[in-house]
Structures are given as C-alpha cells and as structure tokens.
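Sequence lines set the chain letters: A, B, ... in the order given, protein chains first and strands last, and positions in each chain run from 1.
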Amino acid sequence: QKEVEQDPGPLSVPEGAIVSLNCTYSNSAFQYFMWYRQYSRKGPELLMYTYSSGNKEDGRFTAQVDKSSKYISLFIRDSQPSDSATYLCAMVGNTGNQFYFGTGTSLTVIP
Amino acid sequence: DAGVIQSPRHEVTEMGQEVTLRCKPISGHDYLFWYRQTMMRGLELLIYFNNNVPIDDSGMPEDRFSAKMPNASFSTLKIQPSEPRDSAVYFCASSSGTGGLETQYFGPGTRLLVL
C-alpha cells in the first residue's frame, strides 16, 4: 500500500462548480498536510498547508483534514478556467523525515 | 527575489553520457530538495539538504546518481552514466528553516531526455 493515495482523475467540471479533491494516507504520524498546484510544464506551487486536523480557508480554497479517517480534502468554490491544473497533496511526519507527495489529480474547468 | 533557478531547462543526451543539473535556491533558504517527476511514478523526492548537509538520500535510485551542495547558494545533481529510464523532469525546491518541509518553493524544472 502506498503511503499516500490520490485519484489521478482526470476531473472535468463546468466553470462555477465546486470541486472536491481528496487524498488518503496510511501513516498516522503525518502531521502537516499540503496542497500544491502544478500548471502544465511548470513546477508545483504551494497553495495551502495545515497542521493536524481541522479546516483552513483561503479565498475560494478550503483545505480540510480528518486525521481519524486519514483523509484530506481540497475544495475549490466558484471554479475558474484558470484553476485548470494538476493538484498534488503532500504530507510530512512529525520527525521531518517522513515526506510524501500524492500522484496528483488533473483538473479541467470548462468555460 | 528571482525564485529557485535551475539550469539547463532542457537537456538531451545520449545513453552513457554524464548529465549535471544545477540549482540555485532562494536566498536565505536553508533546505534544498531534488525531485524527479514522471507520468508513471509522479513526483519523487530524491534527496534533501539542510544547511548544505545531506539529510535524507534514500530516494536516490542508485549509485549513478549523486548530489552535492558545496555552499548555500548552489547544488548539483549528477547522473553518470545516464540511461533512457532517467528521462524525466527534475525539480529543485527550497524552503526556510521556519517553513521546513511544509512550505517548499519549486524551480521551473529541467526536462531531461536520454536517448
């Protein structure tokens, strides 16, 4: 079993839709949870990160962590064509040397 | 700040040749990471440094790969000899001590094709 599982998609939604992206993990030691966005032929860029459980909101983006279920989500409200990208989740353990990226979910927002 | 700088942006070489990828992290950052990304395997952490010292190289695929960080503003990833299966996009990323592994800034990547 992989440390981090992420559905690769592709996911295609109409503009204005609410998008839900998810990752599951198996290692209960993970403490930091990040979401990166990667446009085609570019490097990943950090969108949001959260520590432990709970929600974090930044504009149209909400990151949610459920440690009891080992499940994290990224919600995008009022999705825009400019949100079309690959979204990668990433996780860090409390010792700092447990670090994994998900394989990424490809999202297309259709105008 | 110019961000993380990587060179070359594209590299095409023949099997058996030595390849050297270069990275300049963001000034003041004390963590530096090397990643490899392919369609099949996604983004893989190869090695990371803290204060120029390698901390975890467990992701380095084999002895053909080596990485150095002679000073805080420069790192290299070398593949010798290169093989077609090394074809991938190689990213360098950096972060500051307060951000640690959580807030990494990625460079634009080097697209490597080994024929």
Side-chain angles (χ1 to χ4, degrees), chain A residues 1-10 21 23-25 27 29-54 56 58 61 63 65 72 74 85-106, chain B residues 1-7 9-10 21 23-26 29-51 53-59 88-113:
Chain A
Q1 183 184 10
K2 288 184 179 179
E3 296 280 354
V4 180
E5 299 273 3
Q6 185 174 11
D7 186 339
L21 305 167
C23 287
T24 60
Y25 62 96
N27 190 339
F30 289 141
Q31 294 285 346
Y32 291 89
F33 305 90
M34 292 77 73
W35 286 97
Y36 284 81
R37 178 175 61 194
Q38 185 175 20
Y39 290 114
S40 179
R41 305 183 77 83
K42 301 286 187 183
E45 59 177 325
L46 180 67
L47 268 180
M48 301 178 70
Y49 82 94
T50 55
Y51 173 70
S52 196
S53 285
K56 186 173 183 179
D58 184 1
F61 298 88
V65 176
I72 69 170
L74 177 70
T86 296
Y87 290 81
L88 301 102
C89 62
M91 307 179 188
V92 179
N94 55 5
T95 59
N97 61 354
Q98 298 166 310
F99 182 72
Y100 297 93
F101 270 90
T103 52
T105 300
S106 175
Chain B
D1 198 317
V4 175
I5 299 172
Q6 291 186 247
S7 65
R9 294 293 306 278
H10 303 272
L21 310 180
C23 176
K24 176 179 170 56
I26 292 173
H29 282 189
D30 51 1
Y31 283 88
L32 185 137
F33 308 83
W34 281 103
Y35 291 90
R36 176 173 68 177
Q37 187 175 43
T38 62
M39 291 292 291
M40 290 297 293
R41 300 175 67 90
L43 193 63
E44 301 174 278
L45 177 63
L46 299 177
I47 185 171
Y48 77 92
F49 297 83
N50 180 220
N51 291 321
V53 175
I55 302 301
D56 185 354
D57 65 354
S58 59
V89 182
Y90 290 81
F91 288 104
C92 176
S94 70
S95 67
S96 67
T98 53
L101 277 65
E102 304 87 65
T103 53
Q104 297 182 34
Y105 294 84
F106 282 75
T110 295
R111 294 185 171 273
L112 173 65
L113 177 61

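- Heavy-atom neighbours of Y90(B) OH from other residues, nucleotides or ligands within 6.0 Å: above the threshold of 12.
- With a threshold of 4.5 angstrom between heavy atoms, L43(B) approaches chain A through its backbone and through its side chain.
- Listed by chain and number, the residues in a side-chain contact (heavy atoms from CB on, under 4.5 Å) with R9(B) are P108(B) (sequence neighbours excluded).
- Taking CE of M40(B) as the start and OG1 of T103(A) as the end, the distance is 11.5 Å to the nearest 0.5 Å.
- Atoms OG1 and OH, from T103(B) and Y36(A) in turn, are 7.0 Å apart once rounded to the nearest 0.5 Å.
- By the neighbour-count criterion of 12 heavy atoms within 6.0 Å, atom NZ of K42(A) is sparsely surrounded, having that number or fewer from other residues, nucleotides or ligands.
- Looking at Q6(A), there are no atoms closer than 4.5 Å to chain B (heavy atoms on both sides), in backbone or side chain.
- In this structure the side chain of Q37(B) never reaches within 4.5 angstrom of the side chain of F101(A), judged on heavy atoms.
- When heavy atoms are compared at a cutoff of 4.5 Å, F91(B) approaches chain A solely by way of its side chain, counted from C-beta outward.
- Looking at residues two or more places apart in sequence or on another chain, you find a salt bridge (Lys or Arg N to Asp or Glu O under 4.0 Å) between E44(B) and R36(B), R41(B).
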